[in-house]
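Position 1 is the first residue of the sequence, and the numbers go up from there.
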Amino acid sequence: MRAPVPASRLLALAALLVILAGLQPALPARAQASGHTADRTEAKAPREIAGLRLGADIKEYGPRVAPGSPEVDIAMRYLSTVAVEVPEGFRSGYVTYGNCEQPGRIVRVKMNYADDSRAFYERLLSLLKQRYGEPAQWRGNPFGNLRIWKWSFTDPELGEVSLILQYYSGDDDTFTKGNSIRLSAPGLISQNRDCWSAANPGVKGRQHRGGHLKDMEAGMPH
């Protein structure tokens with residue numbers, strides 16, 4: 001026959017249970033303090049990189065703009081792009097501004113880092129996640145030589161803002177090699193497109209003919 005449990009041990013056990021029960025309400029508070037809640041405040045939209053700011057007038061950066069005429073995209077004549085002088089740590093940089101709605105207002109900034117290594121890309125990615133949370137969209141390829149992450153934000157003045165971090169190590173010259181980062185304001189780009197379309201009805205650009213390719217051979221390289 002098992003010996004009865006001493007009364008002192010029963011009292012001690014009961015006291016321990018009371019203490020543990022009293023600690024239960026504190027657990028959600030600790031979880032909330034560590035940020036594991038659904039009500040976490042959305043990260044503030046980034047506006048500037050390397051001293052270049054979305055929404056600013058390109059004239060503000062006159063001394064940094066490379067000499068020569070701006071490059072105008074024939075398919076998007078409502079935008080112009082200029083090369084800019086970059087600070088230490090970057091290889092090159094480009095600013096795109098509108099030509100119609102508030103002409104000269106910056107709608108995109110792209111900077112190419114001097115360090116083109118994958119390790120540097122991973123370091124950038126980690127820092128961006130710490131500052132802005134997990135990215136919203138993946139645009140890389142399955143081969144691993146093109147790695148693109150995109151964050152999306154809403155800014156009270158600029159509207160939608162996108163941040164794109166890219167790494168590329170392949171041979172396709174349509175992609176910038178190495179590491180690059182891009183800030184864009186898609187809403188400002190759309191405003192310039194709509195403004196230009198309204199001022200130039202029916203004009204699609206010299207490179208856009210439309211229609212279907214009737215002779216497949218004519219559309220093949222030789």
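Taking a 6.0 Å sphere around CG of D171, one finds it holds 12 or fewer heavy atoms contributed by other residues, nucleotides or ligands. Within a 6.0 Å sphere centred on CD of E122, other residues, nucleotides and ligands contribute more than 12 heavy atoms.
For R108 (side chain) and S184 (main-chain N/O), no donor-acceptor pair under 3.5 Å exists by modelled atom type. Side-chain atoms of N179 come within 3.5 Å of backbone N or O of S117 as a donor-acceptor pair. When atom types are taken as modelled, the side chain of N112 and the backbone of S180 share no donor-acceptor pair closer than 3.5 angstrom. Side chain of W151 to backbone of G133: a donor-acceptor contact under 3.5 angstrom is found. When atom types are taken as modelled, the side chain of K177 and the backbone of G170 share a donor-acceptor pair closer than 3.5 angstrom. Judged purely by atom type and a 3.5 angstrom limit, R105 uses its side chain to pair as donor or acceptor with the backbone of G55.
Closest approach of E160 to P186, counting heavy atoms only: O-CD, 3.2 Å. A pairwise comparison of heavy atoms in K150 and S152 identifies CE-OG, 3.7 Å as the closest pair. Across G144 and R147, no two heavy atoms sit closer than the pair O-CG, 3.5 Å. Contact detail for R64 and A50: the closest heavy-atom pair is NH1-O, 3.0 Å. Nearest approach of L183 to R47, heavy atoms of both residues: CD1-C, 3.7 Å. Contact record, G98 with N192: CA-OD1, 3.2 Å, taken as the closest heavy-atom pair.
For the atom pair N145 CG and R118 CZ, the distance stands at 10.0 Å (nearest 0.5 Å). If you take CD1 on I106 and OG1 on T96, they are separated by 9.5 Å, rounding to the nearest 0.5 Å. For the atom pair L79 CG and R193 CZ, the distance stands at 10.0 Å (nearest 0.5 Å). Here the CG-CD1 distance, from N141 to I148, works out to 8.5 Å after rounding to the nearest 0.5 Å.
I181 is connected to V109 through a chain of hydrophobic side-chain contacts under 4.5 Å among Ile, Leu, Val, Met, Phe, Trp and Tyr, so both are in one cluster. Under a hydrophobic clustering in which Ile, Leu, Val, Met, Phe, Trp and Tyr are joined whenever their side-chain heavy atoms come within less than 4.5 Å, directly or via other members, L52 and L128 fall into the same cluster. Under a hydrophobic-cluster definition in which Ile, Leu, Val, Met, Phe, Trp and Tyr are linked whenever side-chain heavy atoms come within less than 4.5 Å, directly or via other members, M111 and Y94 are assigned to different clusters. Both I164 and F175 belong to a common hydrophobic cluster when Ile, Leu, Val, Met, Phe, Trp and Tyr are linked at side-chain heavy-atom distances under 4.5 angstrom. When hydrophobic clusters are built by joining Ile, Leu, Val, Met, Phe, Trp and Tyr residues whose side-chain heavy atoms come closer than 4.5 Å, directly or via intermediates, Y168 is not grouped with L165.
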task = May I have the step-by-step check of side-chain contact (heavy atoms from CB on, under 4.5 Å) for L124 and Y167, ending in yes or no?
result = CA-CA 10 Å; L124 285 170; Y167 166 80; over 6 Å; no
inquiry  = Run the side-chain contact (heavy atoms from CB on, under 4.5 Å) test on Y61 and R53 for me, step by step, so that the C-alpha distance in whole Å, both residues' side-chain angles and the decisive distance to 0.1 Å come before the verdict.
reply    = CA-CA 10 Å; Y61 306 104; R53 190 174 73 257; 3.5 Å; yes
request  = Determine, step by step, whether F153 and L163 satisfy the side-chain contact (heavy atoms from CB on, under 4.5 Å) criterion, reporting the C-alpha distance in whole Å, the side-chain angles of both residues, the deciding distance to 0.1 Å, and the verdict.
outcome  = CA-CA 8 Å; F153 310 87; L163 168 63; 3.9 Å; yes
query = After noting the C-alpha distance and the side-chain angles of S126 and K129, does the key distance pass the side-chain contact (heavy atoms from CB on, under 4.5 Å) rule?
reply = CA-CA 5 Å; S126 177; K129 286 182 177 180; 5.9 Å; no
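Side-chain contact of K110 with T176: a donor-acceptor pair under 3.5 Å is present, judged by distance alone.
Screening Y132, W138, Y121 for a ring-ring contact (aromatic ring centres under 6.0 Å, His included) involving W149 leaves a single residue, W138.
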